[in-house]
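One structure is given below, encoded as C-alpha cells.
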Amino acid sequence: MPMYEGIGLISEKHAVVLDIGHAYTKCGYAGEINPRCIIRSEVEPGKSLHSINKKDELYNALVEFIHRLYFKCLLVNPKDRRVVIIESVLGSSLFKETLARVLFRHYEVSSVLFAPSHLLPLFTLGIRTALVLDVGHSEACLIPIYEGVPILKSWQAQPLAGSTLQESVRVHLLERGQLLRGSGGDESPTPLAHSPEILTPNILEDITVRCCMVTSLNRGRELDRVTQDASQVTSLSTLLKNSAPSVRYSVGGDSYLEIDGITREGAAEVLFQMDTDGNCIGSMILNALQSCPIDTRRELASSLLIVGGTSMMPGFKSRLNQELLYLLSLPQYADIKITEFKLYQPPAAPNLVTWLGGAIFGATDVVVTRSLTREQYIKDPSVPDWSDLRYNSTVDDARQG
C-alpha cells in the first residue's frame, strides 16, 4: 500500500512523478517508495532527449517518450492523474515549456507541478538546510538550501559527472587496454587501440559501473604523476604491484577486454583534478560556502547531501571528504574557518533520492494548491519560472507554480 495514503486533498488516484534525467528517467506514483520503472531518456539509441535543441523535433520526441511511459510502463490514462515533474532550477527553459505543452495539449493532463530537484532530497530526511550536490550524467550541480530557501547566488556547476568519467575510461582503455580473443589458454592479445569501435557508450557505462572505483587522495596523486610522466619506471612498477587487480570484461563471444588496475583506479581522478581555473568537485563545495552568508557556512558544512548516480561509485564520498580537508589548507580558502564536514545518509540509493523526495512532495496538499492546471495553461500558454520576471516581480494568485 502506498505511503502517506490519505494525506492532503488528493483523490484516490495518486499523482504521477517524473524525473527525466539526462541519462535515465524515473517514473512512478506519489506516495510510493520506489519508481515503477527506470528507462533511458532517449527515443532512439544514442540520442538523449536533452540533446535535442529544435522545438518541433523535441515536441515529437517527447510525445513518443511520454506515450511509452504512460501506456507501456504505468498503464494508466494520462487524463486521470496529476503530474509532478522534477526539474533542475538550472535546466533548459525550452525543455520545460515543450514538456508542459506535450502534457497539456497532447495528453490533456489535469495539472502539472514543477518541483525543484535540489529541494526534494530534503523531504526524504525531514530537514530544511543542506548543501545539495547532484553528480549526475552530464554535470555536477550544487545549490545550498538554507531553511528551505535555495541560495541561488551560490550555485556551482561543472561538467564533472558520468559522461566525463566514461570519456576518461575510454582514454585509459585506448592507451593500455588489451583485447583478448580465444579461449582455453589460446588467447591472442591485441591493443584495444586497433579496435576502438568496441567501446560503445553502453559498454563504457557498464565498465564504469562494474569495474571502476575512486581511490584515496595520496594514491590518486601518485597515479596522476605516473600517468603524466612515463619516465618514472620505478614508480610505475611499484604502483602496479599495489594496484587493483586486472579484470576481464566480456564483449561478446570469446572476446574479452583486459582492464588493468590503473584504469580501474585512475579513471575517476578526472573528477578531482583541478582545471586551469582551479575548479574540481571539491572546490565547488568550498566556493559555494565562500559565497554564502557567513552565519550559514558552518551549518551548511555539517549538512552535506550528495545525490546522483555518479556519486554511487565505491570510495567517492570518502575521497571527497579527503579532498575537502586538503583544499581547506590552501590560502584561498583560509577565510571559511571550517574544520570538518558531515554527510547525510539518505534513506534511498543516491540515484533515487530525488525521485523519492518528489513522491513524498506529491503526496501532500501542494499538488492540489500549487499546480498549474490545464485551464490556466490553455488561457495563458506559459509556464511559471523563477528566472522569468513576470512571476518574480508581481503576485498573481490565479497562477501559482
Side-chain angles (χ1 to χ4, degrees), residues 86 88-90 116-136 139-158 160-162 165 213-217 220 268 271-272 274 278-330 332-358 360:
I86 300 173
S88 171
V89 295
L90 306 176
S117 61
H118 282 76
L119 274 172
L120 296 179
L122 277 66
F123 283 83
T124 65
L125 294 164
I127 58 178
R128 294 177 57 83
T129 297
L131 193 64
V132 184
L133 174 62
D134 186 352
V135 190
E139 66 179 2
C141 182
L142 181 145
I143 297 180
I145 310 294
Y146 191 78
E147 290 299 323
V149 179
I151 308 177
L152 291 179
K153 75 181 185 68
S154 301
W155 72 273
Q156 300 284 325
Q158 293 291 332
L160 302 173
L165 186 57
M213 67 196 78
V214 182
T215 188
S216 64
L217 174 63
L271 302 179
F272 303 97
M274 284 196 176
N279 293 321
C280 64
I281 284 190
S283 68
M284 288 174 56
I285 296 176
L286 298 185
N287 291 337
L289 286 175
Q290 275 188 323
S291 61
C292 287
I294 192 170
D295 58 333
T296 66
R297 295 176 184 175
R298 187 171 298 277
E299 189 173 356
L300 287 171
S302 299
S303 309
L304 188 58
L305 180 56
I306 302 176
V307 299
T310 303
S311 66
M312 298 174 68
M313 288 189 69
F316 180 89
K317 293 180 180 179
S318 175
R319 174 63 181 276
L320 180 59
N321 186 61
Q322 295 175 22
E323 289 282 343
L324 290 172
L325 296 179
Y326 165 75
L327 291 173
L328 282 175
S329 64
L330 300 181
Q332 60 263 38
Y333 299 117
D335 61 329
I336 295 183
K337 306 299 182 183
I338 291 173
T339 58
E340 64 176 0
F341 293 86
K342 296 181 180 179
L343 278 69
Y344 279 111
Q345 181 65 42
N351 62 329
L352 299 179
V353 172
T354 303
W355 184 91
L356 177 60
I360 296 174

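Listed by first then second residue, pairs satisfying ring pair (Phe, Tyr, Trp, His ring centres under 6.0 Å) with a partner in residues 285-315 number zero, not counting sequence neighbours. The salt bridge (charged side-chain N to carboxylate O under 4.0 Å, His left out) pairs that include a residue from residues 301-312 number zero, where partners must be two or more places apart or lie in different chains. Every pair tested for ring pair (Phe, Tyr, Trp, His ring centres under 6.0 Å) that includes a residue from residues 289-315 fails, sequence neighbours excluded, so the list is empty. Within the structure, salt bridge (charged side-chain N to carboxylate O under 4.0 Å, His left out) contacts touching residues 278-293 (residues at least two apart or in different chains) do not occur. Residue pairs that meet the salt bridge (charged side-chain N to carboxylate O under 4.0 Å, His left out) test with at least one member in residues 349-358, sequence neighbours left out, do not exist here.
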Which atom pairs, one a donor and one an acceptor, fall under 3.5 Å between side chains of residues 332-349 and the rest of the protein, sequence neighbours left out?
residue	atom	partner	partner atom	Å
Y333	OH	N287	OD1	3.0
D335	OD1	Q290	NE2	2.9

Quick one: side chains of residues 303-315, donor-acceptor pairs under 3.5 Å with protein atoms, not counting sequence neighbours, listed by atom name and distance.
residue	atom	partner	partner atom	Å
S303	OG	E299	O	2.8
T310	OG1	G136	O	2.7
T310	OG1	G162	N	3.2
S311	OG	G308	O	2.6

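Scored by the side chain to side chain contact (heavy atoms under 4.5 Å, CB included) test, E139 finds C141, A157 as partners (sequence neighbours excluded). A search for side chain to side chain contact (heavy atoms under 4.5 Å, CB included) contacts involving P150 returns L119, I143, I145, L152, not counting sequence neighbours. R298 meets the salt bridge (charged side-chain N to carboxylate O under 4.0 Å, His left out) test with no other residue; sequence neighbours excluded. With sequence neighbours excluded, the residues satisfying side chain to side chain contact (heavy atoms under 4.5 Å, CB included) with S318 are Q322. Qualifying salt bridge (charged side-chain N to carboxylate O under 4.0 Å, His left out) partners for E323, counting only residues two or more places apart in sequence or in other chains: R221, R319.
Checking each of V353, D134, I127 against P121 for a side chain to side chain contact (heavy atoms under 4.5 Å, CB included) leaves exactly one that passes, namely V353.
Residues L122 and A130 approach most closely at CD1-CB, 3.9 Å, considering heavy atoms. In terms of heavy atoms, L142 sits closest to A288 at CD2-CB, 3.3 Å.
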Output, in order, the C-alpha distance, side-chain angles, deciding distance and verdict of side chain to side chain contact (heavy atoms under 4.5 Å, CB included) for L217 and F272. CA-CA 9 Å; L217 174 63; F272 303 97; over 6 Å; no
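Side-chain contact check for L320 versus I285: some heavy-atom pair is nearer than 4.5 Å.
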